[in-house]
Amino acid sequence: MGPFFPGLKAALNYHPIFVHFPIALWLTALLFELLAVCRSSDDSHRTAVWILYLGTLAGGLTVITGLYAEDSVPNGPAQAVMESHQAVMLTSFSLAVGLCIFAFFARRNLTAGLRKLMLLGLVILAGLLTYGADRGAQLVYQYGSAVNWPAAQQQGQTQK
Ligand code: HEM
């Protein structure tokens, strides 16, 4: 694996592989639901719902890998950031599951009002997601969580 995927070999956990999928898919679902409301389009709504389903599936894997990654967070101030990230992302995931259930049961008698309600849910999801994912990025870029420090320092030594 090393020669082909040196990045993966150096990774300390699998969370970063999954994180981008729910972010991209949930935000794309929001975009399609916005189109659905603006154009009164059932097709755009259906597309939004399928993308939301996929994003929530990816979100489940992201939550599982995140819970495994938890132990690698350094002690100190990073722990508070991790708790905030965890709480907001678990809330986001629960909201996404709720929206999936809502979309599934509303699929037969869809009204303009229900589409707007779905849009509101996705706007709230996007807000939570943005806040929570930023705390995840803070863990990596400010506190160096999940950085393979021994490998990075070894590389630094060989470059000197
Ligand atoms: C849908 C759910 C989640 C999303 C979208 C998400 C997103 C992110 C993002 C964007 C990062 C920064 C990664 C990078 O820049 O490489 C991150 C890091 C991190 N997240 Fe999450 N996260 C989620 C759930 C969770 C949960 C439930 C936990 C449990 C504590 C968690 C723990 C961590 C940890 C420890 C890091 C630091 C990097 C690492 O160890 O891999 N995440 N997350």
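Keep in mind that this is a model prediction, so the values were computed, not measured. Each ligand, and each atom within it, is numbered from 1 in the order the structure gives.
The ligand atoms of ligand 1 that sit less than 4.0 angstrom from a heavy atom of V73 are 35 (C). Of all atoms in ligand 1, numbered sequentially from 1 with element shown, those under 4.0 Å from a heavy atom of M82 are 30 (C). Contact atoms of ligand 1 toward A137: 11 (C), 12 (C) (distance under 4.0 Å to a heavy atom of the residue). Under a 4.0 Å criterion applied to the non-hydrogen atoms of S72, ligand 1 contributes the atoms 40 (O).
Within 6.0 Å of atom CZ in F93, more than 12 heavy atoms from other residues, nucleotides or ligands are found, so the atom counts as buried in its surroundings. Other residues, nucleotides and ligands contribute only 12 or fewer heavy atoms inside 6.0 Å of the OH atom of Y14. Within a 6.0 Å sphere centred on CZ of R39, other residues, nucleotides and ligands contribute 12 heavy atoms or fewer. Counting heavy-atom neighbours within 6.0 Å of F21 CZ, excluding the residue itself, gives a total of 12 or less.
Legend: protein N/O/S atoms lying under 2.8 Å from atom 21 (Fe) of ligand 1, waters omitted, number 2.
Cation-pi geometry between R107 and F104 is met: under 6.0 angstrom from the ring centre, within 45 degrees of the axis.
A 4.5 Å side-chain heavy-atom check between T65 and L61 finds every atom pair outside the cut-off. For the pair L35 and H45, the minimum side-chain heavy-atom distance is 4.5 Å or more.
Two different hydrophobic clusters hold M82 and L67 under the rule that ILVMFWY side chains link at heavy-atom gaps under 4.5 Å.
The two atoms that bring L125 and S92 nearest to each other are CD1-O, 3.3 Å, heavy atoms only. Heavy-atom minimum distance, T56 versus A96: OG1-CB, 3.6 Å.
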Quick one: do H15 and Y68 satisfy side-chain contact (heavy atoms from CB on, under 4.5 Å)? Show the steps, please. CA-CA 8 Å; H15 192 52; Y68 275 107; over 6 Å; no
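Taking a 4.0 Å cut-off on heavy atoms, F18 fails to register as neighbouring ligand 1. In this structure, S92 has no heavy atom closer than 4.0 Å to ligand 1.
The nearest heavy-atom contact from the protein to atom 39 (C) of ligand 1 is A146 CB, 3.3 Å. Annotation: atom 16 (O) of ligand 1 to nearest protein heavy atom, P16 CB, 3.9 Å. The closest protein non-hydrogen atom to atom 15 (O) of ligand 1 is Y141 OH, 3.0 Å. Closest protein heavy atom to atom 13 (C) of ligand 1: V140 CG2, 3.9 Å.
Distances between N or O atoms of N13 and those of ligand 1 include at least one value under 3.5 Å.
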